[in-house]
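Treat the numbers as computed from the prediction; the structure is a model and nothing was measured. By convention in this document, chain letters (A, B, ...) are assigned in the order of the sequence lines, proteins followed by strands, and residues within each chain are numbered from 1.
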2 protein chains.
Amino acid sequence: MLTQILYALSDEVRLSIVRQLDEDGPATCGVFEVDRPKSSLSHHFRVLRESGIVATTRQGTALLNALRRKDLDARFPNLLDAVLERPASTARKRMRT
Amino acid sequence: MLTQILYALSDEVRLSIVRQLDEDGPATCGVFEVDRPKSSLSHHFRVLRESGIVATTRQGTALLNALRRKDLDARFPNLLDAVLERPASTARKRMRT
DNA sequence: TCGATTGTTCGAATATTTTCGTACAATAGT
DNA sequence: ACTATTGTACGAAAATATTCGAACAATCGA
């Protein structure tokens with residue numbers, strides 16, 4: 001649901017997580033530069049997961065979080081790019097750095 | 001602030017107001033098809049106003065609300081169109097339609 | 001000025017979110 | 001099996017938002 005996505009993105013902590021995921025690619029919860037205890041972070045990741053913005057998969061003992069860019073772009077074209085203040089993506093492929 | 005805009009748009013009542021403003025143009029508070037008492041509506045309009053999404057001007061005894069499309073597009077390109085699920089406006093003049 | 005129209009403001013109840021400590025669960029390595 | 005590493009789940013307190021009735025304010029027309 002759109003409002004659920006907008007709500008998830010309307011929090012500075014969660015938005016900063018999404019920005020970092022967009023810039024650096026999938027990452028485990030621990031690496032995020034957010035000044036919060038892990039139980040708080042876990043809550044924010046849950047909100048991101050339940051709104052469909054992030055997908056989480058287990059990677060050994062850690063959990064890897066990835067931005068669901070394709071799903072989001074398919075359902076709400078340009079929304080993620082607009083929120084991330086990037087030019088609208090024209091289905092262009094990202095290159096490895 | 002971006003999060004403030006996203007928050008304002010993350011409520012069904014406010015989003016429906018924004019959609020109606022987008023489709024029908026500026027309107028007074030009374031005309032909106034929202035099942036809420038006026039004090040509740042007033043609250044939602046305040047949130048929309050304070051986030052910079054809507055501008056309100058007095059028009060006789062009523063208040064006219066207008067979507068601040070230009071300001072929004074200037075500061076957060078494509079955001080409003082993406083939220084309204086419309087194709088991104090190119091804001092470019094074209095010879096062909 | 002009176003009365004009708006249109007919204008805002010106030011205040012308090014309700015609901016929802018955020019926060020964070022503690023306990024718990026899953027996995028990996030030794 | 002034991003231990004360390006990563007997160008989740010729970011629960012309760014604090015912070016925010018929503019809701020709505022009632023009172024108030026601004027404007028207009030007669």
Side-chain angles (χ1 to χ4, degrees), chain A residues 1-68 79 83, chain B residues 1-68 79 83:
Chain A
M1 201 192 319
L2 178 55
T3 49
Q4 197 179 0
I5 292 177
L6 296 174
Y7 181 79
L9 294 171
S10 75
D11 177 90
E12 294 287 359
V13 171
R14 291 190 293 262
L15 186 53
S16 82
I17 288 173
V18 169
R19 286 191 176 116
Q20 202 171 328
L21 285 175
D22 175 62
E23 287 170 15
D24 306 340
T28 60
C29 304
V31 312
F32 290 87
E33 296 163 1
V34 174
D35 184 29
R36 294 283 191 291
K38 57 183 184 173
S39 56
S40 296
L41 260 191
S42 186
H43 160 73
H44 288 299
F45 273 105
R46 189 157 59 89
V47 173
L48 288 172
R49 231 179 288 122
E50 291 179 346
S51 65
I53 295 172
V54 158
T56 301
T57 56
R58 189 166 278 279
Q59 205 83 163
T61 162
L63 296 181
L64 194 66
N65 299 283
L67 207 48
R68 297 179 58 181
L79 180 59
V83 168
Chain B
M1 200 192 318
L2 178 56
T3 48
Q4 198 180 1
I5 291 177
L6 296 174
Y7 182 80
L9 294 171
S10 74
D11 177 90
E12 294 287 359
V13 171
R14 291 189 294 263
L15 187 52
S16 81
I17 288 172
V18 169
R19 286 191 176 117
Q20 203 171 329
L21 284 175
D22 174 62
E23 287 171 15
D24 307 340
T28 60
C29 305
V31 312
F32 291 87
E33 296 162 3
V34 174
D35 185 27
R36 294 283 191 291
K38 56 185 185 174
S39 57
S40 296
L41 261 191
S42 185
H43 161 71
H44 288 299
F45 273 106
R46 186 157 61 89
V47 173
L48 289 171
R49 231 179 287 125
E50 290 179 348
S51 65
I53 295 173
V54 157
T56 302
T57 56
R58 189 166 278 278
Q59 205 83 162
T61 161
L63 297 180
L64 194 67
N65 299 283
L67 208 47
R68 295 179 58 182
L79 181 58
V83 168

Heavy-atom neighbours of A:D35 CG exceed 12 at 6.0 Å: no

Side chain to side chain, A:L79 and A:L2, heavy atoms closer than 4.5 Å: yes

Interface with DNA chain D, restricted to residues 29-37 of chain A and to heavy atoms under 4.0 Å: A:C29, A:G30

Shortest non-hydrogen contact between B:L21 and B:F32, atoms and distance: CD2-CZ, 3.5 Å

Side-chain touch A:R68/A:V54, heavy atoms, less than 4.5 angstrom: no

N/O donor-acceptor pair under 3.5 Å between B:S42 side chain and B:S39 backbone: no

Side chains of A:V18 and A:I53 in contact at under 4.5 Å (non-hydrogen atoms): yes

For A:R49, all residues meeting salt bridge (Lys or Arg N to Asp or Glu O under 4.0 Å), sequence neighbours excluded: none

Side chain proximity check, A:T28 to A:N65, heavy atoms < 4.5 angstrom: no

Boundaries of the chain B footprint along DNA chain C (any atom under 4.0 Å from a heavy atom): C:dT5 to C:dT9

DNA chain D contacts made by residues 56-64 of chain A, counting heavy atoms under 4.0 Å: A:T61, A:A62, A:L63

Interatomic distance where NE2 belongs to A:H43 and P belongs to D:dT8 [whole Å]: 12 Å

Between the first and last five pairs of the helix from C:dT1-D:dA30 to C:dT30-D:dA1, the angle of the axes, rounded to 10 degrees: 30°

A:Y7 side-chain N/O to D:dA17 phosphate OP1/OP2 under 4.0 Å: no

Interatomic distance, A:D11 CG vs D:dT16 C1' [rounded to whole Å]: 12 Å

For the student: nearest non-hydrogen atoms of B:Y7 and A:S10, plus distance: N-CB, 3.3 Å

Validation row: B:V34, B:L41 side chains within 4.5 angstrom (heavy atoms): yes

Residue mapping more 5' on DNA chain C - nearest nucleotide basis, B:L41 or A:R14: B:L41

Which pairs, protein N/O on one side and nucleotides 9-15 of chain D N/O on the other, fall under 3.5 Å?
none

Lys/Arg N to Asp/Glu carboxylate O, B:E50 vs B:R46, below 4.0 Å: yes

Any donor-acceptor N or O pair under 3.5 Å, side chains B:S51, B:Q4: no

Side chains of A:F45 and A:L63 in contact at under 4.5 Å (non-hydrogen atoms): no

Donor-acceptor contact below 3.5 Å, side chain A:R14 vs main chain A:A8: yes

